[in-house]
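In what follows, a structure is listed as structure tokens, so that the remarks can point back to it.
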2 protein chains.
Amino acid sequence: MTDATSRSAAVDVDPEAACPIAPVVDIVFSRWTTPILWALHEYGRQRFVELERRITRITPKVLTQRLRQLERDGLVVRTYHPEVPPRVEYEISELGRSLAPLFATLAEWAAVNLDKVEEARVAYDAG
Amino acid sequence: MTDATSRSAAVDVDPEAACPIAPVVDIVFSRWTTPILWALHEYGRQRFVELERRITRITPKVLTQRLRQLERDGLVVRTYHPEVPPRVEYEISELGRSLAPLFATLAEWAAVNLDKVEEARVAYDAG
DNA sequence: CATAGTAGGTACCTAGAGGAAAGTAATGGA
DNA sequence: TCCATTACTTTCCTCTAGGTACCTACTATG
């Protein structure tokens, strides 16, 4: 196996079973993949260290793991330049770019509703 | 604390830092919260056992945990009927319903692009 | 000679989500 | 009397994402 990067080998481990969006969640949304995709989507092609500095607190190990996973899933394109200090560039693929409307919807929902969630929590914790 | 249900107490534990959609991911997308929200969104008000049967393989412990979390976040409304065998009904809240366009976008992306991801994986694993 | 800088790899450890199995209160029915 | 049902709770265990820390090759620069 290629791995340390790939997730569930089986395609239908149905925690989802009849929930058509669960597979997408598995591919696009996790603690670090979302910020990485967002950064590449917002700021264009970037080098490893740029991403590392932009995404605060991510460790190089995890950054490598997530980038490999995204590359394997076809969402990110990696370009290696065999120069003196090695140079690697990452950019979002066309498939990755197709997530744009999804990100827009998400950002909009966040802007409108995040504080409602916070209010709900306060109310719940009070009762 | 209320808990075993609440996540990160601090609001800005910035794994995200300047990624506006990371908080939403934390609230809406996880292995089980997504299928639960989807089931309530698709099939309307349901009892605990109905959800348990619909969402294959979920354990009662986890179902309770996720439902409590969703209730606290204001996405789900819980109604308790103190009857002989107790009866509890769950339904999506108005805030939860506002996720509908998001789910629609997700479902559409899945329908169009999931097999492209699969192709990319096959190609990657071959090279 | 030593250091810095790039893009990682590796070994080890922790924390938290989740799974398995059993228990609980209350009551109606066989 | 025993069993079933509902909506959980509790205990114990596993598994994996992620964190910490250190190592690698290569070269330019002081």
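Order of the sequence lines fixes the chain letters, A, B, ..., with proteins taken first and strands second; residue numbering starts at 1 for each chain.
The environment of CD in A:Glu50 is crowded: more than 12 heavy-atom neighbours from other residues, nucleotides or ligands sit within 6.0 Å.
Contacts between residues 74-82 of chain A and DNA chain D, defined by a heavy-atom separation below 4.0 Å, involve no residue at all.
The shortest heavy-atom contact between B:Leu51 and B:Ala39 is CD2-CB, 4.1 Å.
Sequence neighbours left out, the pairs with a member in residues 73-106 of chain B that pass ring-ring contact (aromatic ring centres under 6.0 Å, His included) are B:His41-B:Phe103.
Contact annotation: B:Arg68 side-chain N/O to D:dC8 OP1/OP2 distance is under 4.0 Å. For C:dG18, the OP1/OP2 oxygens have a side-chain nitrogen or oxygen of B:Arg66 closer than 4.0 Å.
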Please list each protein N or O that sits under 3.5 Å from an N or O in nucleotides 3-6 of chain D, with the distance.
{"from": "D:dT6", "atom 1": "O3'", "to": "B:Arg47", "atom 2": "NH2", "distance (Å)": "3.1"}
{"from": "D:dT6", "atom 1": "O3'", "to": "B:Pro86", "atom 2": "O", "distance (Å)": "2.7"}

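With sequence neighbours left out, B:Val25 forms a side chain to side chain contact (heavy atoms under 4.5 Å, CB included) with A:Phe29, A:Thr34, B:Phe29. In this view, B:Ser30 and B:Thr33 satisfy the side-chain hydrogen bond (donor to acceptor under 3.5 Å, both in side chains) rule, not counting sequence neighbours. Residues satisfying the salt bridge (charged side-chain N to carboxylate O under 4.0 Å, His left out) criterion with A:Glu52, sequence neighbours excluded, are absent altogether. Applying the salt bridge (charged side-chain N to carboxylate O under 4.0 Å, His left out) test to A:Glu83 and every residue at least two apart in sequence or in another chain returns A:Arg87. The side chain to side chain contact (heavy atoms under 4.5 Å, CB included) check on A:Ala120 picks up nothing, with sequence neighbours excluded. Annotation: side-chain hydrogen bond (donor to acceptor under 3.5 Å, both in side chains) contacts of B:Thr59 (sequence neighbours excluded): none. When the salt bridge (charged side-chain N to carboxylate O under 4.0 Å, His left out) test is applied to A:Glu119, no partner is found at least two apart in sequence or on another chain. For A:Gln46, the side-chain hydrogen bond (donor to acceptor under 3.5 Å, both in side chains) partners at least two apart in sequence or on another chain are A:Arg54.
Whole-Å rounding puts the A:Glu89 CD to C:dA7 P distance at 9 Å. The CD1 atom of A:Ile58 sits 17 Å away from the P atom of D:dA21 (whole-angstrom rounding). One can place CD of B:Glu52 at 10 Å from C1' of D:dC8, the figure rounded to the nearest angstrom. Atom-to-atom, CG of B:Asp26 to P of D:dG18 comes out at 12 Å; the value is rounded to the nearest Å. With rounding to whole Å, B:Gln65 atom CD is found 8 Å from C:dA17 atom C1'. As a whole-Å value, the separation of A:Ile55 CD1 from D:dG19 P is 12 Å. The distance between atom CZ of B:Arg31 and atom P of D:dA17, rounded to the nearest whole Å, is 11 Å. Between B:Leu63 atom CG and D:dT10 atom C1' there is a gap of 17 Å when expressed in whole angstrom units.
Rounded to 10°, the helix from C:dC1-D:dG30 to C:dA30-D:dT1 has 30° between the axis fitted to its first five pairs and the one fitted to its last five.
The base of C:dG8 has none of its N or O atoms less than 3.5 Å from a complementary donor or acceptor on the side chain of A:Lys61.
Across the interface with DNA chain D, nearest-nucleotide mapping of A:Ser30 and B:Pro60 shows B:Pro60 to be the residue nearer the 5′ end.
Under the 4.5 Å side-chain heavy-atom criterion for ILVMFWY residues, no single connected hydrophobic cluster contains both A:Val49 and A:Ile92.
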